[in-house]
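Here the structure comes first, spelled out in structure tokens, and everything after it is commentary.
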Amino acid sequence: MSTPTREQIDVALAGVNDPEIKRPITDLGMVESVEIADDGAVQVTILLTVAGCPMKDTINRDVTAAVSAVPGVTSVGIELGVMSAEQRAGLQEILRGGQAQKEIPFAQAGSLTKVFAIASGKGGVGKSSVTVNLALALAKQGLKVGVVDADIYGHSVPAMLGVADYRPTQVEDMIMPVPTPSGVSVISIGMLKPRRDQVVAWRGPMLDRALVQMLADVYWGDLDVLLLDLPPGTGDVAISLGQHLPGAEVVVVTTPQEAAAEVAERAGTMASMMHQRVIGVVENMSFLECPHCGPEHQLEVFGRGGGDRVAGTLSQRFGYDVPVLGRIPLDLSLREGGDVGKPIVDADPTAPAAVVLTEIAERLSGRGRGLAGMQLGLTPTAKF
Ligand SMILES: Nc1ncnc2c1ncn2[C@@H]1O[C@H](COP(=O)(O)OP(=O)(O)O)[C@@H](O)[C@H]1O
Ligand SMILES: [Mg+2]
Ligand SMILES: [Zn+2]
């Protein structure tokens, strides 16, 4: 009988599925090498995804059976290795490309996690600053808080939380969210790029996959609150989010400026079209305390009325009350806190801006003045 060919062995190996992933081991990068001796002895090296894989005996048995069945094979030797981190990443890439997608826990019936999407019409209004400070203020209430930075243009949240250079740990097909000094966990779309300096044009299906990945592939555990920093405007992320997390509630951030208010209204309307409830408006950069006169003289640097205007328009448009949740003053220490990765709510909790942010967080969790017609009913799930 003639020596078996590599093609014959490959065909046989393609018939072996990984028992957990349920796809051919040849598609998953698990076949490291195949050696065929002249006498028909075949030596195969199989890479397991993790050391001590509980399925290794099954794989061993299935590979042996498949290769033994090839005509001309006189013996089968199998060596089991373990994938390197890089190879595991490659595997995950393969899995992501297919339909092997996990479910989004926050979209399941009975999920106890409150999801708030922080939206704005345009960039630079303080959306990310509001997101991280609300996250910290909620965490200070004893709630378990996660932040998803979905802003494809900015992804500034990790830096604001002091974990700019952190890369998430991957354990097989699970991504661990990055813990921050304040106890809030974060994952950023910027962390999903293969390399930090890589420029990715996030759009359409790829963007949708990235969002699903941050929600489904990240091991969030039992969160009380998940905050999402959305990109400004009414683009693809808003649509994807509406499809995957229709139960998310939206907070619209605007400045007092007329032009900002107008685009903020559009962002709010977009959310409503995606069947998400807009629960309130945050007016940021509302005023600057006069350095000469003190609190009684507020300098309206960016004009006035933006928050009221957005709240009024959206209330009328949707037929339910969309309140102004708070007005955050301009505060130098708020910007500084963001720049050095120590948000003002932690770094300077008695600063006027921090006080307003804390009040907004209390309204969101239902601990402050309640939101009209809403029953948030949050309680900490922290288990010790
Ligand atoms: N209330 C505020 N007072 C002072 N600086 C602020 C305030 N809100 C935001 N900033 C600063 O304005 C800039 C833009 O804020 P950022 O949160 O990044 O906006 P966005 O996420 O909407 O683009 C940042 O440098 C931030 O520190
Ligand atoms: Mg931002
Ligand atoms: Zn003055």
Side-chain angles (χ1 to χ4, degrees), residues 116-137 147-164 186-191 202 227-235 237-238 250-257 259-264 266-268 281-304 306-307 310 324-361:
F116 297 111
I118 316 298
S120 73
K122 61 181 192 126
V125 299
K127 178 174 49 63
S128 301
S129 304
V130 167
T131 305
V132 298
N133 278 290
L134 288 180
L136 261 63
V147 180
V148 167
D149 175 13
D151 190 343
I152 47 175
Y153 307 112
H155 43 85
S156 56
V157 167
M160 288 180 172
L161 288 172
V163 291
V186 63
I187 202 80
S188 169
I189 194 158
M191 295 170 178
W202 294 108
L227 295 173
L228 291 111
D229 186 16
L230 298 187
T234 55
V237 172
V250 177
V251 174
V252 177
V253 181
T254 185
T255 64
Q257 243 173 330
E262 200 179 312
V263 288
R266 265 184 253 146
V281 177
V282 171
E283 188 183 83
N284 186 30
M285 309 185 184
S286 291
F287 57 88
L288 180 69
E289 191 177 291
C290 176
H292 306 292
C293 319
E296 59 277 10
H297 184 194
Q298 300 182 344
L299 303 170
E300 292 171 332
V301 180
F302 290 113
R304 67 177 307 164
V310 176
V324 175
L325 297 170
R327 293 171 219 278
I328 306 166
L330 276 160
D331 194 325
L332 196 63
S333 59
L334 189 151
R335 185 194 53 73
E336 284 168 353
D339 288 350
V340 301
K342 279 193 188 14
I344 189 170
V345 160
D346 251 5
D348 192 1
T350 57
V355 171
V356 177
L357 283 156
T358 301
E359 282 169 6
I360 296 169

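Computed over heavy atoms, backbone and side chain alike; hydrogens, waters and symmetry mates excluded. Counting from 1, the numbers follow the sequence of the chain as shown. Each ligand, and each atom within it, is numbered from 1 in the order the structure gives.
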- Task: Using a distance threshold of 4.0 Å (strictly less than), state whether atom 6 (C) of ligand 1 has a protein heavy-atom neighbour.
- Result: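 Within 4.0 Å of atom 6 (C) of ligand 1, protein heavy atoms are found.
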- Query: Against heavy atoms of Gly123, which atoms of ligand 1 measure under 4.0 Å?
  - Reply: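 Within the 4.0 Å cut-off of Gly123, ligand 1 contributes 23 (O).
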- Query: Are any side-chain N or O atoms of Asn133 and backbone N or O atoms of Ser129, one a donor and one an acceptor, separated by less than 3.5 Å?
  - Reply: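 Between the backbone of Ser129 and the side chain of Asn133 there is a qualifying donor-acceptor contact (under 3.5 Å).
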- Quick one: does Lys127's side chain have a donor or acceptor within less than 3.5 Å of a partner on Leu230's backbone?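 Present.
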Are the side chains of [X] and [Y] in touch, meaning some heavy atoms are under 4.5 Å apart?
X      : Y      : value
Thr358 : Val345 : yes
Pro158 : Met191 : yes
Val157 : Ser188 : no
Leu299 : Pro291 : yes
Thr255 : Val125 : yes
Leu161 : Pro343 : yes

- Task: Pick one of side chain, backbone, both or neither for how Asp229 approaches ligand 1, counting any non-hydrogen atom pair under 4.0 Å.
- Result: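 Neither part.
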- Which N/O/S atom belongs to His297 and is the closest one to the Zn ion (ligand 3)?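 Closest N, O or S atom of His297 to the Zn ion (ligand 3): ND1.
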- Query: Would one find an N, O or S atom of Cys290, in either backbone or side chain, under 2.8 Å from the Zn ion (ligand 3)?
  - Reply: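 A backbone or side-chain N, O or S atom of Cys290 is under 2.8 Å from the Zn ion (ligand 3).
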- Message: Heavy atom to atom 16 (P) of ligand 1, shortest distance: which of Ala159, Pro231, Gly126, Ala119 holds it?
- Response: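 Going through Ala159, Pro231, Gly126, Ala119 one by one, Gly126 has the nearest heavy atom to atom 16 (P) of ligand 1.
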- Message: I'd like the name of whichever of Lys127, Glu283, Met160 reaches closest to atom 18 (O) of ligand 1 through any heavy atom.
- Response: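 Nearest heavy atom to atom 18 (O) of ligand 1 lies in Met160.
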Going by heavy atoms, is [X] under 4.0 Å from ligand 1?
X      : value
Pro232 : no
Ser128 : yes
Ala353 : no
Gly154 : no

Looking only at protein heavy atoms, which one is nearest to [atom], and what is the separation?
atom                    : result
atom 8 (N) of ligand 1  : Asn284 ND2, 2.9 Å
atom 17 (O) of ligand 1 : Ser129 OG, 2.6 Å
atom 25 (O) of ligand 1 : Arg335 CG, 3.6 Å
atom 4 (C) of ligand 1  : Asp331 O, 3.1 Å

- Task: Nearest 0.5 Å please: distance from the CZ atom of Phe287 over to the CD1 atom of Ile328.
- Result: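 Going from CZ on Phe287 over to CD1 on Ile328, the span is 10.0 Å.
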